[in-house]
Amino acid sequence: MVDFNTELIHGAEVNDNNTGAVNPPIYNSSTFAFDDVTVPIKWDYARSGNPTREALEELIKKLESGYKGFGFSSGLSAIHGVLSIFEPGDHLVVGDTVYGGTFSQLNDYFKRWGLEITAVNTQNLNEVKQAIKENTKAIYFETFSNPLLRVTDVAAISQIAKENHILEIVDNTLLTPYLQQPLKLGADIVIHSATKYLGGHSDLIAGLVVVNNEQLAKKIYFSQNRLGGTLSPETSNLVRRGIQTLAVRLDRQIENTNKIIAYLKENDLVAKINYPSVNKDSKDYEIALRTTNGFGAVLSFEIKAGYDAIKLVNSLKLFKIAVSLGAVESLVELPATMTHFEIPRNQRLKIGIKDELIRIAVGLESADDLINDLKQAFVKIQK
Ligand SMILES: Cc1ncc(COP(=O)(O)O)c(C=O)c1O
C-alpha cells in the first residue's frame with residue numbers, strides 16, 4: 001500500500017507492453033481479434049471495455065478507495081449512468097443546490113422518465129430524514145455546494161442512508177479524492193466531472209464513477225455499456241495524465257485561494273464571502289474540518305447592494321469569464337446568468353444565489369497578479 005501522492009503518479013498500471021514505456025499506451029481500437037472463435041477474450045469491443053480506459057478506471061478506483069471505477073464521456077453522462085440504475089416510481093432526495101445541469105437532468109429528464117425528486121438542504125439532517133419516503137432509494141448531493149460552498153456531512157448522511165437501506169451518492173467534483181474520499185465516509189457511489197480538477201487543464205470533457213460493491217458495479221457497468229456514453233481512449237489518457245499533478249495543483253490553488261480571501265475580507269465593497277474557513281463559527285467550517293483534508297479552490301462572494309456585479313466581472317482581465325472550474329487558469333462567473341441559469345429566479349433567490357453573487361475558481365497564477373486584477377476591477381465599480 002503506497003501513499004496517496006505516490007498512487008496519483010503510479011496508480012495507472014503499465015501492464016501489457018514490452019517497450020519500457022512509463023505510461024500506459026493509448027489503444028485506438030474499436031474492436032479486438034479473437035484467436036479462436038470459441039474462446040472468449042477479455043477485450044472484444046471498446047464500448048464494453050478498452051485497456052486505456054481501464055487504466056484510468058483502476059486509478060480512480062484506487063484513489064477513491066472503491067470497488068470499481070467507470071469512465072464516462074462527461075460528468076452529466078456519468079450522472080445519467082448512475083441515475084439510470086433506478087426504476088420509474090423510485091424517489092430520490094437531492095441536494096437543493098446541485099449543479100444546474102444535474103438539476104435540469106433530474107427535473108427535465110428523469111421526472112419525465114418516472115423518478116420522483118425532493119430537493120432539500122442536505123446540511124440539515126432533519127430535512128433529509130423528513131424527506132425520506134417508502135419509495136426513496138437514494139440521497140444525492142455535492143459535499144461542497146456550488147457556488148455557495150455549503151458543506152454537507154457525508155458521514156452523517158451515510159448513517160441516515162444505512163438506517164433506511166438506501167444509497168448515498170456523492171458528486172465529489174469540487175473536492176476530488178485528494179481532499180475527500182466519500183466512500184471511506186460511508187457513501188456508496190462517487191461521481192466526478194473529471195472535466196474539472198482531475199483533467200485540470202480545461203482541455204477535455206469527462207466523467208467518472210466509483211462504487212463500493214460488486215452489485216452496484218454490475219448495475220453501473222450495464223448503464224455504461226448499454227447507454228454507451230463511454231470515455232474515449234485519448235481522453236482517458238488525458239485524465240490519467242491530469243490526475244498525476246492533482247495534488248501539486250490543488251496545493252498551489254488552495255494557497256492562492258487563501259490569499260485572495262484575505263484580500264476580499266479587507267475590501268469594503270464585499271458583503272459576504274462563501275468559503276468554509278471564513279466563518280469559524282459556522283456549521284460549514286465544523287463539518288469541512290472534520291470530513292475533508294482541505295477546502296478546495298472555489299469560492300464565491302457577494303458585493304454590496306447597489307454595486308454593479310456585471311461590470312465588476314466584465315472588468316477582470318486575468319480571470320477569464322467562463323463556466324467550469326478546476327483548471328490551471330483562474331475563472332470567474334456570475335452564477336445567476338451562467339452556471340445556474342436553469343434554476344428559476346425565485347427558487348435561485350430562495351436558495352441564496354443572488355444576482356450579485358460572483359464565483360471564482362482559482363488557478364495557479366501568481367496570487368499577487370490575481371489580486372491586482374481584482375483590485376483594478378473593483379476600482380471600475382467604485383462610486
Ligand atoms: C459539480 C458538478 N457536477 C457535474 C458537472 C457536469 O459535468 P460535465 O460538464 O463534465 O458534464 C459539473 C459541471 O460543471 C459540476 O460542476
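One-based numbering, in listed order, for ligands and for the atoms of each. None of these values were measured; they are calculated from a predicted model.
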Can you pull every nitrogen or oxygen pair between ligand 1 and the protein closer than 3.5 angstrom?
{"from": "ligand 1", "atom 1": "3 (N)", "to": "D171", "atom 2": "OD2", "distance (Å)": "2.6"}
{"from": "ligand 1", "atom 1": "7 (O)", "to": "S193", "atom 2": "OG", "distance (Å)": "3.0"}
{"from": "ligand 1", "atom 1": "10 (O)", "to": "G75", "atom 2": "N", "distance (Å)": "2.9"}
{"from": "ligand 1", "atom 1": "10 (O)", "to": "S193", "atom 2": "OG", "distance (Å)": "2.8"}
{"from": "ligand 1", "atom 1": "10 (O)", "to": "T195", "atom 2": "OG1", "distance (Å)": "2.6"}
{"from": "ligand 1", "atom 1": "11 (O)", "to": "G75", "atom 2": "N", "distance (Å)": "3.0"}
{"from": "ligand 1", "atom 1": "11 (O)", "to": "L76", "atom 2": "N", "distance (Å)": "2.8"}
{"from": "ligand 1", "atom 1": "14 (O)", "to": "K196", "atom 2": "NZ", "distance (Å)": "2.7"}

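Residues passing the salt bridge (charged side-chain N to carboxylate O under 4.0 Å, His left out) test with K218, sequence neighbours excluded: E214. In this view, S202 and E329 satisfy the side chain to side chain donor-acceptor pair (under 3.5 Å) rule, not counting sequence neighbours.
Taking the six-membered ring for Trp and thresholds of 30 and 60 degrees, F110 and W113 have ring planes more than 60 degrees apart, a perpendicular arrangement.
Side chain to side chain, Y263 and N267 meet the donor-acceptor criterion of an N or O pair below 3.5 Å.
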Return a table of donor-acceptor pairs under 3.5 angstrom between the side chains of residues 238-252 and protein atoms on other chains or two or more places apart.
{"from": "R240", "atom 1": "NE", "to": "N237", "atom 2": "OD1", "distance (Å)": "3.1"}
{"from": "R240", "atom 1": "NH1", "to": "N23", "atom 2": "OD1", "distance (Å)": "3.4"}
{"from": "R240", "atom 1": "NH1", "to": "Q244", "atom 2": "OE1", "distance (Å)": "3.4"}
{"from": "R240", "atom 1": "NH2", "to": "N237", "atom 2": "OD1", "distance (Å)": "3.1"}
{"from": "Q244", "atom 1": "NE2", "to": "I9", "atom 2": "O", "distance (Å)": "2.9"}
{"from": "T245", "atom 1": "OG1", "to": "G242", "atom 2": "O", "distance (Å)": "3.1"}
{"from": "T245", "atom 1": "OG1", "to": "R249", "atom 2": "NE", "distance (Å)": "3.0"}
{"from": "R249", "atom 1": "NH1", "to": "Y197", "atom 2": "O", "distance (Å)": "2.8"}
{"from": "R249", "atom 1": "NH2", "to": "Y197", "atom 2": "O", "distance (Å)": "2.9"}
{"from": "R249", "atom 1": "NH2", "to": "G242", "atom 2": "O", "distance (Å)": "2.7"}
{"from": "D251", "atom 1": "OD1", "to": "Y178", "atom 2": "OH", "distance (Å)": "2.7"}
{"from": "D251", "atom 1": "OD2", "to": "Y178", "atom 2": "OH", "distance (Å)": "3.3"}
{"from": "R252", "atom 1": "NH1", "to": "L364", "atom 2": "O", "distance (Å)": "3.0"}

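Taking the centre of each ring, H80 and Y109 come in below the 6.0 Å mark.
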